[in-house]
Amino acid sequence: MSLEAVFADEPAFVPYLAAGDPDYDSSIEYVEALARGGADVIELGLPFSEPIAEGPTIQEAVVRSLEAGMTPERFFEFVEDLDVDVPLVCMTYYNLIYQYGTEEGPRPFVERAAEVGIQGFVVPDLPAEEAGPLREACDEFGLDLVFIVAPTTEGERLERMMEHVSGYVYVQARLGVTGARDDVSDHTEQSLARLAQWDVPKAVGFGIKTGDHAERIVSAGADGIIVGSALVDIIAEGHENGDDVADVAERLETKARELKDGALRGAQNRPQPEGK
Amino acid sequence: MSSESTFGDYGGQYVPEALMPAIEELTDAYERYVLDNEDGFMDEFRERLADFGGRPTPLQYAEQLSERYDTDVYLKREDLVHGGAHKLNNALGQVLLAKYMGKERIIAETGAGQHGTATAMACAHLGMPCEIYMGETDIARQRPNVFRMRINGAEVNPVTTGRGTLKEAISETMRDWATTVETTHYVIGSVVGPAPFPAMVRDFQAVISEEAREQAREKIGSLPDSVLACAGGGSNTMGTFANFVEDENVGLYAVEAGGSSLSVDEEKGVAPNSASLSTGDEGVLHGARTKLLQDSHGQIMESHSVSAGLDYAGVGPELAHLVDEERVQAVNVDDDAALDAFHRLSQEEGIIPALESSHALGFLHEHHDELGDSVVVNVSGRGDKDLETVIEETSKRDLESAPDLSVFREVGGGL
Ligand SMILES: Cc1ncc(COP(=O)(O)O)c(C=O)c1O
């Protein structure tokens, strides 16, 4: 299924995990648990040593994964080893994409990603201005390049960006870095309103923690919710306590279901315009 | 002066989208106020640099070193700038610019603490609230500067990720900026980061070579044969070189920290040096494409140097480009040679240099016979901040120029 098609019928739940956190085998279990819990797309993080857009929760996940030996090549094997049938998006920083392979530029990375079945990219340190070469490689191999729209993205900038959209738009719900929050940012509704005129799937991320958050955000017009830190927190806690991988996987599945159900409730509360 | 955003293949704006509008706003302000002197910005900047900053700084003939090396050695005395380093040239410029832009709060990273100190001073001087991010390793090895920042009224936020040095401090400051960008200006401390920072910081620092070039003409009667500056991110370097770049007969040497060895430990992700120009390769870090210390996968290495201000895995994109173009020579000296040079300048010329600047002096010592008849060395800062490190590191080594410090042992002060 194409990324865009995922959002067509009902609000999508898009979880994020750092691949290989806290180790390769457990992480496979965790990703599969999220798929069982109702994930519609999964964003898999390939850890980079300088995650400048990440808050403490995901920074720590990155450290765990790198210490357990994650590399770009291992990441591609990881994707091949996964037994899930939802689209996978690779979230990573540009230097890893840029360095991969012998040829200069992003093409070898994209080629390999396409080979293992990845359908798109989110690259937090690559604004539209610098995205040309990656975009070209993505077009060549038929992958989507998902752009982040920030609360500060407005006016002409927003318009220019919307010309480049493919797959879905990642609507950053608040300024700052990733991390689970106890509230829903007012920026969310404003950003969704700003984007309302564009007919592309809008997935909201940054700070979503509960099914109730998911419900509110979807009822405000989001087509999907992206949740990372709230899930990574479960892994971190399980890891610290030395819990069984199966138990942690079950907690993740339960949490996934809570978030997906919240999103579904949100869609019911939404004033449905004709034809959509 | 121009507002280039790329230098050959290097530079660019690899930052989260949330920061892009602020970077566009900054580019606009840089072009109007700095390049076009709108509202007399540059006049005010120059006046404050003189009255508050103590500029111009002398180009001093170094008698003992000249005799020792049989070459005329001139020292550009940036250690005499208020705060004790060239860092104020940039910090004052950016804090003033932030005021012109109507920003309400300043954040900055610091490695050696010199940029943090300069920013804290500029903020106190101009009445701006200020928060500095500093790695915990650097807080421990540059304590005097931490006190100075606090005394000038800045908050100091320790950064505990990674090895706790400059790289982590920059990442953490970028995270703050991504949260507070609407009201806050990030005063980046070197010619690194996304455009327009590399060009803008260079322009604020270019006062060094603007003065030095004139002073050299007066004192030498011609331009110098060689100009030396240490390179961490490369701001004193670019400042010292900027007005000489067009003078093709002037040799320009960027002296990096060779640390304890130029090798790398790929397994541990550690490079025991900070020689990104000499040994790094192209990649993207902290907003720019430049030369980096990275492993074969593109993960950034932990750099090492006895000098906190040079201890960084990246380098300014323009400097990387000038090295590729062979206009600037990238060279390096190791920890031992830098420490030795620290002691030599202190004893022979009565100037205690920063450990960063000591690298440039170490290169002079090792290569004086290849540098022509007249050499300008930028003394980017003074070494008071480094005394604890120097005493500790000296006691571990057998250095030619080190003084006998047994006086401490005799009075039971401990070493
Ligand atoms: C005295 C001094 N010189 C040099 C440097 C290195 O920075 P840059 O390469 O940007 O001049 C520092 C950095 O802290 C410093 O304090």
Side-chain angles (χ1 to χ4, degrees), chain A residues 46-56 59-60 62-63 66-67 69-75 92-101 104 106 109 123-131 147-158 160-161 170 172 174-179 187 206, chain B residues 5-6 9 11-25 159-163 167-168 170-184 193-195 266-269 281-290 292-302 313-314:
Chain A
L46 164 57
F48 177 52
S49 56
E50 307 310 312
I52 55 167
E54 254 50 85
Q59 284 180 51
E60 283 159 23
V62 163
V63 170
L66 287 176
E67 280 180 354
M70 184 50 74
T71 64
E73 201 43 60
R74 287 284 281 162
F75 176 82
T92 194
Y93 288 76
Y94 194 54
N95 199 44
L96 297 185
I97 296 178
Y98 187 75
Q99 297 302 329
Y100 186 80
E104 202 171 277
F109 189 94
V123 188
D125 63 345
L126 197 70
E129 278 80 353
E130 302 289 356
F147 284 107
I148 298 173
V149 169
T152 46
T153 314
E154 297 174 321
E156 248 178 70
R157 232 195 119 65
L158 180 61
R160 255 183 289 141
M161 198 152 183
Y170 189 135
Q172 184 180 329
R174 62 180 80 232
L175 283 173
V177 292
T178 55
H187 276 309
F206 271 53
Chain B
S5 65
T6 53
D9 288 340
Q13 301 178 311
Y14 297 85
V15 293
E17 168 59 23
L19 293 179
M20 283 306 295
I23 282 174
E24 286 176 349
E25 182 191 349
V159 181
T160 58
T161 46
R163 213 172 67 78
K167 170 166 73 68
E168 291 76 29
I170 294 178
S171 293
E172 201 55 29
T173 317
M174 286 194 159
R175 293 186 185 107
D176 180 317
W177 203 29
T179 315
T180 58
V181 62
E182 289 163 314
T183 56
T184 298
E266 170 103 15
E267 191 64 21
K268 290 209 191 89
D281 51 9
E282 190 186 333
V284 173
L285 176 66
H286 291 146
R289 193 196 288 200
T290 185
L292 302 176
L293 300 177
Q294 56 187 326
D295 70 13
S296 58
H297 305 298
Q299 305 291 1
I300 308 305
M301 298 253 193
E302 297 297 341

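Lettering of chains follows the sequences in order, A, B, ..., and the numbering in each one begins at 1. Side chains included, hydrogens not; waters and symmetry mates left out as well; all remaining heavy atoms used.
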Side-chain heavy atoms of Gln172(A) within contact of Glu17(B), under 4.5 Å | no

Taking atom CG of Leu96(A) and atom CD1 of Ile300(B), what is their separation to the nearest 0.5 Å?
-> 8.0 Å

Taking the side chain from Gln299(B) and the backbone from Ser49(A), do they hold a donor-acceptor pair closer than 3.5 Å?
-> yes

Name the member of His286(B), Glu282(B), Met301(B) that forms the most heavy-atom pairs with chain A at distances under 4.5 Å.
-> Glu282(B)

By side-chain contact (heavy atoms from CB on, under 4.5 Å), Thr161(B) pairs with (sequence neighbours left out) Gln59(A), Val159(B), Glu168(B)

Taking every non-hydrogen atom, the tightest pair across Leu175(A) and Thr179(B) | CB-O, 3.6 Å

Under 4.5 Å to a heavy atom of chain B? For Pro124(A) that would be backbone

Looking only at heavy atoms, the pair that brings Tyr94(A) and Val284(B) closest together is CD2-CG2, 3.9 Å

Residue part contacting chain A, namely of Ile170(B), when any heavy atom lies under 4.5 Å | neither

Set of side-chain contact (heavy atoms from CB on, under 4.5 Å) partners for Ala195(B), sequence neighbours left out | Ser5(B), Gln13(B)

Value rounded to 0.5 Å, distance of CG in Leu285(B) from OH in Tyr93(A) = 12.0 Å

Under 4.5 Å between any side-chain heavy atoms of Pro16(B) and Ile148(A), yes or no?
-> no

Below 4.5 Å from any heavy atom of chain B, which atoms of Pro47(A) appear? Answer side chain, backbone, both or neither.
-> backbone

Counting heavy-atom pairs under 4.5 Å to chain A, which of Pro21(B), Gly12(B), Ser171(B) comes out on top?
-> Pro21(B)

Going by heavy atoms in the side chains, are Glu24(B) and Glu129(A) under 4.5 Å from each other?
-> yes

Using non-hydrogen atoms only, which part of Glu154(A) is less than 4.5 Å away from chain B: side chain, backbone, both, or neither?
-> neither

Check each atom of Tyr98(A) against the heavy atoms of chain B and say whether the ones under 4.5 Å are side chain, backbone, both or neither.
-> side chain

Approximate separation, where rounding is to 0.5 Å, of Asn95(A) CG and Leu292(B) CG = 6.0 Å

Distance in Å, Ile52(A) CD1 paired with Tyr14(B) OH, rounded so as to fall on 0.5 Å steps | 13.0 Å

Who wins among Val123(A), Leu66(A), Thr71(A), Ile97(A) for the most heavy-atom pairs under 4.5 Å with chain B?
-> Thr71(A)

Chain A contact via Glu172(B) - which portion, at a heavy-atom distance below 4.5 Å | side chain

Taking every heavy atom of Glu54(A) against every heavy atom of Arg175(B), the minimum-distance pair comes out as O-NE, 2.8 Å

So which heavy atom on Pro127(A) is nearest to which on Val15(B), and how close?
-> CD-O, 3.2 Å

In terms of side-chain geometry, is the basic nitrogen of Glu130(A) or Arg289(B) positioned less than 4.0 Å from the acidic oxygen of its partner?
-> no

